[in-house]
There are 2 protein chains.
Amino acid sequence: MRLNNTSKYAIRILSYIANNNQQLHNAKELSETLDIPYKFLTKIMTELTKSNFIISTRGREGGYTLSRPTDEITIMDVLQNFNDIIYQKDCLLGIGKCDGSNKCGLHDQWVKPKKLIKKMFENTTLNDFKGSNFKI
Amino acid sequence: MRLNNTSKYAIRILSYIANNNQQLHNAKELSETLDIPYKFLTKIMTELTKSNFIISTRGREGGYTLSRPTDEITIMDVLQNFNDIIYQKDCLLGIGKCDGSNKCGLHDQWVKPKKLIKKMFENTTLNDFKGSNFKI
DNA sequence: TTTAAATACTACTAAAAGGTAGAATTAAAA
DNA sequence: TTTTAATTCTACCTTTTAGTAGTATTTAAA
Ligand code: SF4
Ligand code: SF4
């Protein structure tokens, strides 16, 4: 019941850049301030660049910057990119074939939190991380 | 954002047995009705036996049965057993060092669904699966 | 024009989760 | 007492996720 590491890292990276949106950030800086292994970070950065969250500048004095305004990148966008989302139809037990007449003891209780989580991911953008300055 | 397969299977197995609590169930039957690979199922059954959810009878005419009343086994118990729980302190981004004065855009929104999920797992017992007869 | 400092690419290794194979053990039925 | 049908044990294989290594490419500064 958790996000995968790549998603977590990606959100932290993007949030940090959103919070310091004027400069260009290079991999060394990001790796050190966010405490993410350098090689793993560059791999994620390349994925974020390819999937158009980030614009990268190569060569000396290069680095990374956001590709669009902070309020146009939702957490859901990021999670989708790393196949780490919760669908409305998702069944906790991985069955999903039951209907109203025969459901397990979790079915109804799962509806509400699932909706809240979905809404949370859809309605939160990088803009909501601005000024937050949460640790690491 | 999902349970691991072993947990899911374990819950399905225990629920099924709870629903048919008079008989002894053997691995072949469980594997076939619940559509869980036989060898994987027996592995899980042995774990469930060792962790005292299940009492097994070995030898010919052997099988499995619940070790205690259906209302004394919560879903949380099962998840704990397979290291698949959500703790109240758990942070979505795996940081968890932030406090009230500096929190990210998800922190407050995560509180409510997390509580609901925890409550759901703690308050649901195998008894709540009785008579449900959900598919597979 | 060379060098330094950055990203990108290719390919691999490590750990965890998911799953399988085969033999050993147990105990009732034949 | 032998056979059969069940669980258990040990050891392995496969897939996915996480992470690392080394080299190639790019570009601006020196
Ligand atoms: S009833 Fe339970 S098992 Fe069936 S789809 Fe709903 S949550 Fe899943
Ligand atoms: S503020 Fe965000 S990152 Fe920090 S502990 Fe809360 S949820 Fe986790």
Side-chain angles (χ1 to χ4, degrees), chain A residues 1-14 17 23-67 78-85 93-94, chain B residues 1-14 17 23-67 78-85 93-94:
Chain A
M1 188 51 85
R2 54 191 178 83
L3 301 179
N4 67 41
N5 263 5
T6 314
S7 296
K8 287 187 202 169
Y9 284 155
I11 295 172
R12 283 170 58 190
I13 293 163
L14 292 170
I17 298 179
Q23 312 126 263
L24 212 60
H25 300 275
N26 66 41
K28 189 161 174 289
E29 181 217 339
L30 293 173
S31 161
E32 282 168 5
T33 47
L34 299 175
D35 197 32
I36 299 171
Y38 178 83
K39 280 293 194 180
F40 196 26
L41 179 127
T42 57
K43 196 178 190 176
I44 296 172
M45 293 317 288
T46 303
E47 291 182 68
L48 287 172
T49 300
K50 281 187 174 160
S51 49
N52 208 247
F53 288 97
I54 286 285
I55 291 172
S56 71
T57 312
R58 299 185 65 172
R60 190 167 175 159
E61 307 289 291
Y64 303 102
T65 184
L66 289 180
S67 69
V78 181
L79 297 182
Q80 299 232 58
N81 200 60
F82 296 102
N83 297 311
D84 200 10
I85 33 174
L93 303 185
Chain B
M1 189 52 83
R2 55 194 175 82
L3 300 179
N4 67 42
N5 261 5
T6 315
S7 296
K8 288 187 204 170
Y9 284 153
I11 296 172
R12 283 169 58 189
I13 293 162
L14 292 171
I17 298 180
Q23 312 126 261
L24 211 58
H25 302 275
N26 66 40
K28 189 161 174 289
E29 181 216 341
L30 293 173
S31 161
E32 282 168 3
T33 47
L34 299 175
D35 197 31
I36 298 171
Y38 178 82
K39 281 290 192 179
F40 196 25
L41 180 128
T42 57
K43 195 179 191 176
I44 296 172
M45 293 317 289
T46 303
E47 292 181 66
L48 287 172
T49 301
K50 282 186 174 163
S51 48
N52 208 246
F53 290 95
I54 286 286
I55 291 171
S56 71
T57 312
R58 298 184 66 171
R60 188 167 175 160
E61 306 288 292
Y64 303 101
T65 183
L66 290 180
S67 69
V78 182
L79 296 183
Q80 301 232 57
N81 200 60
F82 296 102
N83 297 310
D84 200 10
I85 33 173
L93 303 185

Seminar exercise, completed: Residues at least two apart in sequence or cross-chain that pass side chain to side chain donor-acceptor pair (under 3.5 Å) with B/S51, listed by chain then number, are B/N81

For this session: For the residue pair B/D84 and B/T6, establish whether any side-chain heavy-atom pair is separated by less than 4.5 Å.
Result: no

Exercise. Heavy atom of residues 49-58 of chain A under 4.0 Å from DNA chain D: which residues?
Worked result: A/R58

For this session: Any chance you could measure B/K28, atom NZ, to B/T33, atom OG1, to the nearest 0.5 Å?
Result: 10.5 Å

Seminar exercise, completed: Rounded to the nearest 0.5 angstrom, the CG-CD1 distance for A/L79 and A/I11 is 4.5 Å

Seminar exercise, completed: Rounded to whole Å, CD of B/Q23 lies from P of D/dA6 at a distance of 14 Å

Exercise. Heavy-atom contacts under 4.0 Å between residues 25-34 of chain B and DNA chain D, which residues?
Worked result: B/N26, B/A27

Exercise. Which residues pass the side chain to side chain donor-acceptor pair (under 3.5 Å) test with A/E29, sequence neighbours left out?
Worked result: A/Y16, A/H25

For this session: Starting from the 5' end of DNA chain D, give me the residue, A/G59 or B/G62, whose nearest nucleotide shows up first.
Result: B/G62

Problem set entry | Spacing of B/F82 atom CZ and B/N4 atom CG [to the nearest 0.5 Å] | 8.5 Å

Seminar exercise, completed: Bounded by its outermost nucleotides with an atom under 4.0 Å from a heavy atom of chain B, the footprint on DNA chain C reads C/dG18 to C/dA29

For this session: Work out which heavy atom in A/P37 is nearest to a heavy atom in A/S31; give both atom names and the distance.
Result: C-OG, 4.2 Å

Seminar exercise, completed: With sequence neighbours left out, the residues meeting ring pair (Phe, Tyr, Trp, His ring centres under 6.0 Å) with A/Y9 are A/F40

Contacts under 3.5 angstrom, residues 41-48 of chain A side chains, donor-acceptor by atom type, not counting sequence neighbours:
from: A/T42; atom 1: OG1; to: A/K39; atom 2: O; distance (Å): 3.0
from: A/T46; atom 1: OG1; to: A/T42; atom 2: O; distance (Å): 2.9

For this session: Go through B/I55 and B/L66 one step at a time and tell me if the side-chain contact (heavy atoms from CB on, under 4.5 Å) criterion holds.
Result: CA-CA 6 Å; B/I55 291 171; B/L66 290 180; over 6 Å; no

For this session: Just grab all the side-chain hydrogen bond (donor to acceptor under 3.5 Å, both in side chains) pairs involving residues 53-65 of chain B, residues at least two apart or on different chains.
Result: none

For this session: Can you sort out the partners of B/Q80 under side-chain contact (heavy atoms from CB on, under 4.5 Å), two or more places apart, ordered by chain and number?
Result: B/M76, B/I85

Problem set entry | Short side-chain N/O contact from B/T46 to OP1 or OP2 of D/dT8, under 4.0 Å | yes

Pairs: protein N or O with nucleotides 14-22 of chain D N or O, under 3.5 Å:
from: D/dA18; atom 1: OP1; to: A/N5; atom 2: N; distance (Å): 2.8
from: D/dA18; atom 1: OP2; to: A/T6; atom 2: OG1; distance (Å): 3.3
from: D/dG19; atom 1: OP2; to: A/N5; atom 2: ND2; distance (Å): 3.4
from: D/dG19; atom 1: N7; to: A/K43; atom 2: NZ; distance (Å): 3.4
from: D/dG19; atom 1: O6; to: A/K43; atom 2: NZ; distance (Å): 2.6
from: D/dG22; atom 1: N7; to: A/K39; atom 2: NZ; distance (Å): 3.0
from: D/dG22; atom 1: O6; to: A/K39; atom 2: NZ; distance (Å): 2.6

Problem set entry | 4.5 Å side-chain heavy-atom contact, A/L30 and A/I17 | yes

